[in-house]
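To keep things clear, I will list the structure first and then write my remarks on it.
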Amino acid sequence: MNVNKVSGGVCAPKGFVAGGIHCGIRRNQSKKDLAIIFSEKECSAAAVYTQNKVVGAPILVTRSNIADGRAQAVICNSGNANTCNADGVEIASKMCDLAAKALGIEPTDVIIASTGVIGQPLDINPIEKGIAALVPALSAGGSSDAAEAIMTTDTIKKECAVSVRLGATPITIGAIAKGSGMICPNMATMLCFITTDAAITAEMLDLALHKVVDETFNMLSVDGDTSTNDMVSIMANGMAGNPLIDSEDERFDAFVTALKIVATELTRLLAADGEGATKLLQCSVSGAPSKEVAKKVAKSVISSSLVKTAMFGADANWGRILCAIGYTDADFKIECVDVFISSEAGQIQVCKNGFGLPFSEPEAKEILLKNEILIDILMNQGEAQATAWG
């Protein structure tokens, strides 16, 4: 199966337009703060949300709106999270009403998200004016502006799109994401909006999204904080014209594979853009006794503050890696574990069967001075594997 990267972000799939402007939520007028994504046809829709007990008002409204598995637009503001506000649901619902009226759709077909400061009142007036200006400007080239408008402390825009054939029919998946701080998903601690022109039922779309989130965004950690407004949503308008995906067949598997490629790319971008981050860490675990053990070990290592400081200082203190493996809440044999560290400068093995190996400290430092560090853990006690990013 060939999956090809394409340009266009959320506008790469057929029938989608997007845009982003500064409407006045943020004081800095050079910062865009309002984004809309729109499909010319109604879509199957699904979403995954934060597991924080403090939940932003936009999530409450979105959950209600897409309970029927349908949506046609996304509206998102940055600069204010609309969380812990007494009138939060009222404001979020009003945003849906305004967007729907301007787009000519039903308010319940709008996915809404907000990101920014928690606990500050959100003024609807600049948003109302912004929607009136933004909707006529939506375009097939607007993904980049939308990606910029959802940024908060991000330093780079995060977009990705791929195409793949489902049988004889090419389909496209595109996405934008934001996230830099408060990143330790218990779902996905950020915002991500995914679009596709594939024809797929809402039930299968929801299953695909959960499968992919579990192995990508949920394997990401920057600072250990699970935020309040986290959401990954997906809309599928069916305009590619493929036979409807309504069961777990080969076409569904191909769709999941392509979706995972998009999500993995965005996960890596989110990890690399973590607040204050200078390096991207990737921990791959193989030979684990179960998938759950592999995931727990990988995430334990990339979440360890001591591992992070060692990697920052280009110090091959492999004992910190083994320590993080060892306090993982899972059953396995540490005496079977091998550890390798690598980068574009080379690879060294630092541990075999749970014990240290002699290695060149200067060589190790050269490897760890690079911006992307790979930690490979071979557990040698099964077939399961997982990867985490930090």
Side-chain angles (χ1 to χ4, degrees), residues 3 48 51 160 177 179 183-190 192 207-224 226 230 232 248 253 255-272 274 277 279-308 311 318 320-343 347 349-354 372-390:
V3 179
V48 184
Q51 293 182 24
C160 184
I183 306 285
C184 183
N186 212 347
M187 186 291 304
T189 309
M190 24 54 78
C192 178
L207 179 60
L209 184 63
H210 277 80
K211 280 178 176 285
V212 167
V213 164
D214 199 40
E215 294 193 3
T216 55
F217 297 121
N218 268 357
M219 297 300 290
L220 165 66
S221 180
V222 170
D223 50 24
T226 295
D230 317 330
V232 176
E248 293 185 68
D253 292 341
F255 179 81
V256 169
T257 297
L259 183 59
K260 185 176 179 180
I261 289 172
V262 170
T264 299
E265 175 66 17
L266 292 174
T267 299
R268 289 172 56 84
L269 290 172
L270 289 162
K279 297 180 182 181
L280 169 63
L281 303 182
Q282 176 177 302
C283 180
S284 295
V285 175
S286 61
S290 70
K291 185 74 170 180
E292 190 64 24
V293 169
K295 289 167 62 178
K296 284 184 175 182
V297 169
K299 200 162 184 184
S300 181
V301 171
I302 60 97
S303 298
S304 165
S305 295
L306 289 180
V307 171
K308 293 175 189 285
M311 297 301 102
W318 62 270
R320 295 183 176 185
I321 297 172
L322 211 65
C323 178
I325 297 171
Y327 60 61
T328 304
D329 182 19
D331 293 326
F332 55 87
K333 296 177 181 178
I334 196 67
E335 63 269 22
C336 297
V337 173
D338 301 339
V339 178
F340 296 79
I341 299 174
S342 63
S343 70
Q347 182 186 70
Q349 183 174 4
V350 295
C351 174
K352 183 174 178 61
N353 295 329
E372 183 173 338
I373 308 299
L374 310 179
I375 300 170
D376 290 301
I377 299 169
L378 281 60
M379 300 193 73
N380 298 309
Q381 46 201 292
E383 302 296 329
Q385 57 186 15
T387 300
W389 296 267

Atom CH2 of Trp318 and atom CD1 of Ile375: how far apart are they, to the nearest 0.5 Å? 13.5 Å
For Val293 and Met379: C-alpha separation, side-chain torsions, deciding distance, then whether side chain to side chain contact (heavy atoms under 4.5 Å, CB included) applies. CA-CA 10 Å; Val293 169; Met379 300 193 73; 4.1 Å; yes
Do the non-hydrogen side-chain atoms of Met311 and Arg320 ever get within less than 4.5 Å of each other? no
Evaluate side chain to side chain contact (heavy atoms under 4.5 Å, CB included) for Thr267 paired with Met219, printing each intermediate quantity in order. CA-CA 8 Å; Thr267 299; Met219 297 300 290; over 6 Å; no
Treating Gln381 as the side-chain partner and Lys333 as the backbone partner, does any N or O pair qualify as donor plus acceptor under 3.5 Å? yes
Distance-minimising heavy-atom pair for Ala388 and Ile302: CB-CG1, 3.6 Å
Which atom pair, heavy atoms only, marks the closest approach of Lys291 to Gln385? NZ-O, 2.8 Å
Short side-chain to backbone donor-acceptor contact, Asn380 and Val337, under 3.5 Å: no
Before you tell me yes or no, could you show the steps for Val232 and Val212 under side chain to side chain contact (heavy atoms under 4.5 Å, CB included), namely the whole-Å CA-CA distance, both residues' side-chain angles and the distance that decides it to 0.1 Å? CA-CA 11 Å; Val232 176; Val212 167; over 6 Å; no
Separation between CD1 (Ile321) and CD1 (Ile377), nearest 0.5 Å, reads 7.0 Å
Please tell me if the side chains of Val301 and Val285 come closer than 4.5 Å, counting only heavy atoms from C-beta onward. no
Between SG of Cys192 and CG of Leu209, what distance do you get to the nearest 0.5 Å? 8.5 Å
More than 12 heavy atoms of other residues, nucleotides or ligands under 6.0 Å from CD of Gln349: is that the case? yes
Side-chain contact test, heavy atoms from C-beta onward, threshold under 4.5 Å: evaluate it for Leu270 versus Phe217 and give yes or no. yes
Apply side chain to side chain contact (heavy atoms under 4.5 Å, CB included) to residues Lys296 and Glu292 and explain how you reach the verdict. CA-CA 6 Å; Lys296 284 184 175 182; Glu292 190 64 24; 3.5 Å; yes
Taking atom CD of Gln347 as the centre, report whether more than 12 heavy atoms of other residues, nucleotides or ligands fall under 6.0 Å from it. yes
Any side-chain heavy-atom pair of Val339 and Asp376 under 4.5 Å: no
Value for SG (Cys323) from CD1 (Ile334), rounded to nearest 0.5 Å, stands at 10.0 Å
Once rounded to the nearest 0.5 Å, what's the spacing between atom CD1 of Ile373 and atom CD1 of Ile341? 8.5 Å
Is the closest side-chain heavy-atom distance between Pro289 and Asp331 below 4.5 Å? no
Once you round to the nearest 0.5 Å, how far does OG of Ser290 lie from CD of Glu383? 12.5 Å
Ala324 backbone acceptor or donor facing Ser300 side chain under 3.5 Å: yes
Looking only at heavy atoms, which two atoms of Lys299 and Ser303 are closest? And how far apart? O-OG, 2.8 Å
Note, Cys351 side chain near Leu322 side chain (heavy atom, < 4.5 Å): yes
Using the rule side-chain hydrogen bond (donor to acceptor under 3.5 Å, both in side chains), only one of Thr387, Thr328, Asp214 pairs with Lys295; which is it? Asp214
Considering all heavy atoms, the nearest Ala271-Leu280 contact: CB-CD1, 3.4 Å
List the atom of Trp389, the atom of Arg268, and the distance in Å for their closest heavy-atom pair. NE1-CG, 3.5 Å
